[in-house]
Trainee: 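Here's a structure for you.
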Number of protein chains: 2
Amino acid sequence: MLTERQQLILGAIINDYIRSAEPVGSRSISKRGDVGFSPATIRNEMADLEELGFLEQPHTSAGRIPSIQGYRYYVDHLMKHDSVTDNELKTMRSFFASRMIEMEQVVQHAAMIISNLTNYTSIVLGPDSVNQALKHFQLVPLGGDKAVAIVVTDTGHVENRTVTIPADLDMSDMEKAVRFLNERLSGVPLLRLKSRLFSEAGEEMGRYAEQIEGLLGILEQALRPEQDGRLFVSGTTNILTQPEFKDVDKVKTLFDLLDETPTMLKLFSSMPEGIQVRIGTENDHEAIASCSLITATYALDGHSLGTIGILGPTRMDYGKVISLLGALSSNMHLMIGRGGQR
Amino acid sequence: MLTERQQLILGAIINDYIRSAEPVGSRSISKRGDVGFSPATIRNEMADLEELGFLEQPHTSAGRIPSIQGYRYYVDHLMKHDSVTDNELKTMRSFFASRMIEMEQVVQHAAMIISNLTNYTSIVLGPDSVNQALKHFQLVPLGGDKAVAIVVTDTGHVENRTVTIPADLDMSDMEKAVRFLNERLSGVPLLRLKSRLFSEAGEEMGRYAEQIEGLLGILEQALRPEQDGRLFVSGTTNILTQPEFKDVDKVKTLFDLLDETPTMLKLFSSMPEGIQVRIGTENDHEAIASCSLITATYALDGHSLGTIGILGPTRMDYGKVISLLGALSSNMHLMIGRGGQR
DNA sequence: GTTAGCACTCATCAAGGTGGAGTGCTAACG
DNA sequence: CGTTAGCACTCCACCTTGATGAGTGCTAAC
């Protein structure tokens, strides 16, 4: 357990470092006023804090920088949650004033704004459509054996996929099958669609067996999970203003990771609900070992729809980001209640 | 007019520079074998070429580098169009072997491959849907005054937009209007849709005036040109391997430009048909004043659908990129004839 | 327990020196 | 007369050196 004074000093060091990106010396802490001790005393404490693993020294006779453990302690115990500034609030308001219709647009736009307010990069994992309910299904033949399958969900989300239609299927029969689907299975979560189609179609199975079979195959294609399209990265260039990214090699490894959709999907979908802070190597991807990732899940009607994440250097303004994400989620709730769909 | 020998030397210098990214000296040209003159002679010619504006000297006693005018002359007269290598062909083939369905997917995927083969960045401007023909229109009500409008074009492209429905419109009447649209206006280019709706609906105007009016408003919303969504950038990180981008500031200005969708749209849609080469300041955007942009338009059934562009440093392997774009467009033609839609 | 003082370490920066790559010029060569 | 060898010159890139200063750890005094 840290003493009161150690906490004070650790907090002061991390705050300083977040601002300056440079190792913090004992003298500068002493001069700041809020820690009323001489540099020598502070040095002693710093040595202790280093031994305990909260601080690191890039080299002898440089100041100290926080270790990952240090950041962790800061986030869990010391950090004061910034109140959102007037300016930030104004930006948020003007954003919510502009009429936003689709949930996804709201979230993406919000992510962009946070990215600009913080100069970090934001990443949005869009809603996973398999949990949404079917609103409408449509099959538009294109000629040949191709058709466009369109799925509209209850949240207004539209998925479309070009599918191949088995040659032995009659199109007008298919239309009946599609009508059946729309009449009987509207409101069913996409995930359950196939199994429900089986059970619902039970009685008519004999007559329409072939069409149902064909429809199943098409659904299979249409609901095939979309790899891209759920992931939106914005403000990638913002992070280039951070001094830790003045080295192009680092930038490249980071951007390469961001481009690797499957990895990012895995990373994001594994995030628990609520606001999460992952510091440095707590993310087990080498490319972001010197970054921190703060994520928040967003939800509609109680069940979570997606994740929004802010990626920055470990020397991140945790307080600001967390309070902005908080402000967003509370405002978003308002927003969606007011004018969104549903 | 340049003499034979001057052309030879200029070509050799540019080829060398493209490979090495470093100023080229007279000795290294002389040693290459294909120019059988002594360094002194070459130096004299280089001095002349510099006076003529084809070469530049970063500073006294450095080698020469090509000027923009030099690159231009190279592209127009000297460059030998690389034959595509076996390896590249193999990559292309395996790409075309995997069944691609949608035109846009083909082009995007192709752009990515070229980007990887060349280590430059590729940009695709997708087809402008207003020139495509209507295949199917659908309106899915979401509850409240919202609905999803879906437009399918003859190329299999799907656009969807959430629209607001005027409160005074009856939904079942609207359905009739939509059916009318699908029956009578299928095959009409989206651009003409509104005017054709007027003329076609002429006779029934009296009875259905209100619905047609409402439909017009909805079409207005649904066809509102999409800002994003037409532009795809891939291989952004590839360009980071180029030595000219080892400075983060340059990277930032470039990436900022790439993120600025409207500017990029303007830049790309102003490109004439065929293969175009814009060198350095020939693009009038400061951010890419030290870059070259090679674009090719792609077409289906004669009318052009979009543009694919490769962005790299002025010291670009022009021959390779141009031949790859060529190979792509010829192969793409095959591809689309074979298995694509239409 | 706290603080002043001091020797020590080490990154950073500017100044000076060196090597090498490359040039331009001149004179000689075929 | 075009081509080439030779040479002095330029200038960048690199290294070394020394000075500066920020910061530490330790010790002794308060």
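Lettering of chains follows the sequences in order, A, B, ..., and the numbering in each one begins at 1.
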Trainee: Which value, rounded to the nearest 0.5 Å, describes the distance between Ser122(A) atom OG and Leu324(A) atom CG?
Mentor: 11.5 Å

Trainee: Ignoring hydrogens and angles, answer whether the base of dG24(C) and the side-chain atoms of Arg43(B) contain a donor-acceptor pair closer than 3.5 Å.
Mentor: yes

Trainee: Just how far, in rounded Å, is P of dT3(C) from CE of Met46(A)?
Mentor: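 Computing the Met46(A):CE to dT3(C):P distance gives 15 Å.
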
Trainee: So what does Thr41(B) touch, heavy atoms closer than 4.0 Å: a base, only the sugar-phosphate, or nothing?
Mentor: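 Thr41(B): base contact, heavy atoms under 4.0 Å.
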
Trainee: Given atom CG of Asn44(B) and atom C1' of dT4(D), what is their separation to the nearest angstrom?
Mentor: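 It is 10 Å, rounded to the nearest whole Å.
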
Trainee: Nearest whole Å is fine: how far is dT2(C) C1' from Ile9(A) CD1?
Mentor: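 It works out to 12 Å between those atoms.
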
Trainee: What does dC30(D) pair with, Watson-Crick or G-U, if both distances are under 3.5 Å?
Mentor: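 Across any shown strand, dC30(D) pairs with dG1(C).
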
Trainee: Looking at dA4(C), I'd like to know if its phosphate oxygens (OP1 or OP2) sit under 4.0 Å from a side-chain N or O belonging to Arg27(A).
Mentor: no

Trainee: Please report the distance, rounded to the nearest Å, between CZ in Arg5(B) and P in dC1(D).
Mentor: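 For the pair Arg5(B) CZ and dC1(D) P, the rounded distance is 16 Å.
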
Trainee: Can you measure His59(B) atom NE2 to dT23(C) atom P for me and round it to whole angstrom units?
Mentor: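 Those two atoms, NE2 and P, are 11 Å apart.
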
Trainee: Is the phosphate of dT23(C), meaning OP1 or OP2, less than 4.0 Å from a side-chain N or O of Ser26(B)?
Mentor: yes

Trainee: Do Ile18(A) and Tyr74(A) make a side-chain contact, defined as non-hydrogen atoms from C-beta onward lying under 4.5 Å apart?
Mentor: yes

Trainee: Of the options dT2(C), dT24(D), dT4(D), whose atoms approach the side-chain atoms of Phe37(A) most closely?
Mentor: dT2(C)

Trainee: Taking N and O atoms by type only, does the side chain of Ser61(A) place a donor or acceptor under 3.5 Å from a partner on the base of dT9(C)?
Mentor: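 By the distance-only test, yes, there is a pair.
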
Trainee: Quick check: do Glu244(B) and Ser290(B) have side-chain heavy atoms less than 4.5 Å from each other?
Mentor: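 Glu244(B) vs Ser290(B): side chains apart.
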
Trainee: Measure the acute angle between the ring planes of Phe54(B) and Tyr73(B), then classify it against the limits of 30° and 60° as parallel, tilted or perpendicular.
Mentor: perpendicular

Trainee: Check whether any side-chain nitrogen or oxygen of Arg64(A) sits under 4.0 Å from OP1 or OP2 of dA22(D), and answer yes or no.
Mentor: no

Trainee: Stepwise, does the side-chain hydrogen bond (donor to acceptor under 3.5 Å, both in side chains) test hold for Asp256(B) with Thr237(A)?
Mentor: CA-CA 6 Å; Asp256(B) 279 342; Thr237(A) 61; 2.7 Å; yes

Trainee: Rounded to whole Å, how long is the line connecting atom CD of Glu45(B) with atom C1' of dT4(D)?
Mentor: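 The answer, rounded to whole Å, is 14 Å.
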
Trainee: Which part of the nucleic acid, if any, lies within reach of Ala40(B) when heavy atoms closer than 4.0 Å are counted: base, sugar-phosphate only, or nothing?
Mentor: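 Since a base atom lies under 4.0 Å of Ala40(B), the category is base.
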
Trainee: Just name whichever nucleotide pairs with dT18(C), Watson-Crick or G-U, keeping both distances under 3.5 Å, else none.
Mentor: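 dT18(C) is paired, partner dA13(D).
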
Trainee: Measure CD1/Ile29(B) against C1'/dG22(C) and give the value in whole Å, please.
Mentor: 13 Å

Trainee: Can you measure Glu50(B) atom CD to dG22(C) atom P for me and round it to whole angstrom units?
Mentor: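 For the pair Glu50(B) CD and dG22(C) P, the rounded distance is 15 Å.
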
Trainee: Ignoring backbone atoms, establish whether Ser38(B) has a side-chain N or O less than 4.0 Å from OP1 or OP2 of dT3(D).
Mentor: no

